[in-house]
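Working notes, structure below.
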Amino acid sequence: MAILKIARMGHPVLAQIARPVEDPTALEIRNLVNDMVETMADANGAGLAAPQVHVPLRLVIFQAPGERGEPDLSEGEQFDHTAPLTCLINPEIMVMDPASEGGWEGCLSVPGLRGYVERPAHIRYRGLGLDGKLIERTARGFHARVVQHEVDHLDGRLYPSRMGDLSKLIFESEIHHLAAKKSP
Ligand code: NI
């Protein structure tokens with residue numbers, strides 16, 4: 001296991017279309033994912049795409065822990081808002097509802113910044129796991145956001161290019177001003 005170097009905005013590997021993984025069960029893929037998990041944990045991220053560690057393959061990892069104070073209990077949608085640590089290979093996203101939702105995003109390739117991004121709030125995604133088996137889930141909330149953010153990396157897109165209002169691209173260290181504005 002190793003902590004990998006993370007490519008930052010401006011590196012060409014982040015702007016290219018990544019290639020499909022031919023054999024998800026290959027040992028080199030498992031080793032890559034193990035290193036990505038260690039790298040993401042070290043950097044305190046919620047998701048990481050292979051191009052971010054200079055490997056232009058269609059592979060992402062992410063996790064969506066439960067959102068505080070938000071019960072996730074409606075029948076049949078029980079797991080939409082959360083996901084355990086997941087490796088998704090050759091992923092595809094289907095938008096279930098085009099209604100979009102705004103949220104603040106950060107990216108390990110754009111360190112120190114946060115941006116407000118509108119994305120479809122309800123998606124379905126599928127891809128292969130490290131065992132080569134199909135993973136197919138619906139996702140809402142942060143879960144839907146992190147998957148769309150990571151899959152964008154495979155198509156050479158970083159979140160600032162999804163932003164409608166660049167005045168909402170700010171330094172992380174200034175985000176407390178937003179909370180201050182909201183309070184009475
Ligand atoms: Ni990112």
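Atom set for the values below is all heavy atoms of this structure, side chains included, hydrogens, waters and symmetry mates excluded.
- Considering every non-hydrogen atom in both Ser109 and Gln52, the closest pair reads OG-NE2, 3.0 Å.
- Under the 4.5 Å side-chain heavy-atom criterion for Ile, Leu, Val, Met, Phe, Trp and Tyr, Ile61 and Val55 are members of the same hydrophobic cluster.
- Taken to the nearest 0.5 Å, the CZ atom of Arg119 stands 12.0 Å off from the CD atom of Glu101.
- Closest heavy-atom contact between Pro51 and Ala7: O-CB, 4.2 Å.
- Partner of Asp80 under the salt bridge (Lys or Arg N to Asp or Glu O under 4.0 Å) criterion, out of Arg137, Arg124, Arg140: Arg140 alone.
- When the side chains of ILVMFWY residues are joined at heavy-atom separations under 4.5 Å, either directly or via intervening members, Phe62 and Leu154 end up in a single hydrophobic cluster.
- For Thr86 (side chain) and Pro84 (main-chain N/O), a donor-acceptor pair under 3.5 Å exists by modelled atom type.
- Closest non-hydrogen pair, Gln63 versus Gly45, comes out as NE2-O, 4.0 Å.
- No more than 12 heavy-atom neighbours from other residues, nucleotides or ligands sit within 6.0 angstrom of CG on Asn44.
- A salt bridge is absent between Arg162 and Glu105: the closest approach of a Lys/Arg side-chain nitrogen to an acidic carboxylate oxygen does not fall below 4.0 angstrom.
- Among all heavy-atom pairs drawn from Gly106 and Tyr159, the shortest one is C-CE2, 3.9 Å.
- Distance check, rounded to the nearest 0.5 Å: CD1 of Ile93 to CG of Asp152 gives 7.5 Å.
- Judged by distance alone, with hydrogens and angles left aside, the side-chain atoms of Asn34 form no donor-acceptor pair with the main-chain N or O of Met1 at under 3.5 Å.
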> What's the verdict on side chain to side chain contact (heavy atoms under 4.5 Å, CB included) for Leu32 and Val53, showing C-alpha distance, side-chain angles and the deciding distance?
Replying inline: CA-CA 9 Å; Leu32 169 65; Val53 292; 4.2 Å; yes

>> Could you walk me through whether Met40 and Leu85 satisfy the side chain to side chain contact (heavy atoms under 4.5 Å, CB included) test, starting with their C-alpha distance in whole Å, then the side-chain angles of each, then the deciding distance to 0.1 Å, before giving a yes or no?
In response: CA-CA 11 Å; Met40 183 174 83; Leu85 178 59; 3.6 Å; yes

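- Separating the CD atom in Glu136 from the CD atom in Glu92 is a distance of 9.0 Å, to the nearest 0.5 Å.
- More than 12 heavy-atom neighbours from other residues, nucleotides or ligands sit within 6.0 angstrom of CD on Glu174.
- Within the 3.5 Å criterion, the main-chain N or O of Leu4 finds a donor-acceptor partner in the side chain of Thr39.
- Residues Ile29 and Asp23 approach most closely at CG1-O, 3.7 Å, considering heavy atoms.
- When every heavy atom of Pro20 is checked against every heavy atom of Leu57, the shortest pair comes out as O-CD2, 4.0 Å.
- Hydrophobic clustering places Val151 together with Ile135 (ILVMFWY residues linked when any side-chain heavy atoms are closer than 4.5 Å, directly or through intermediates).
- In the displayed structure, Glu28 atom CD is contacted under 6.0 Å by at most 12 heavy atoms of other residues, nucleotides or ligands.
- Note that CG of Leu59 is 13.0 Å distant from NE2 of His153, once rounded to the nearest 0.5 Å.
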> Going through the distances and angles, do Trp104 and Lys168 end up as a side chain to side chain contact (heavy atoms under 4.5 Å, CB included)?
Replying inline: CA-CA 9 Å; Trp104 289 92; Lys168 291 180 176 168; 4.1 Å; yes

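- Both Val60 and Val147 belong to a common hydrophobic cluster when Ile, Leu, Val, Met, Phe, Trp and Tyr are linked at side-chain heavy-atom distances under 4.5 angstrom.
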>> One pair to check against salt bridge (Lys or Arg N to Asp or Glu O under 4.0 Å): Asp155 and Arg58. What are the steps and the verdict?
In response: CA-CA 9 Å; Asp155 294 322; Arg58 303 191 77 79; 2.9 Å; yes

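- Separating the OG1 atom in Thr138 from the NE2 atom in His122 is a distance of 5.0 Å, to the nearest 0.5 Å.
- Note on Phe142: it does not cluster hydrophobically with Leu108, by side-chain heavy-atom contacts below 4.5 Å among ILVMFWY residues.
- With rounding to the nearest 0.5 angstrom, the CE atom of Met36 is 4.5 Å from the CG atom of Leu48.
- Classification of the His54-His11 ring pair by plane angle, with boundaries at 30° and 60°, yields perpendicular.
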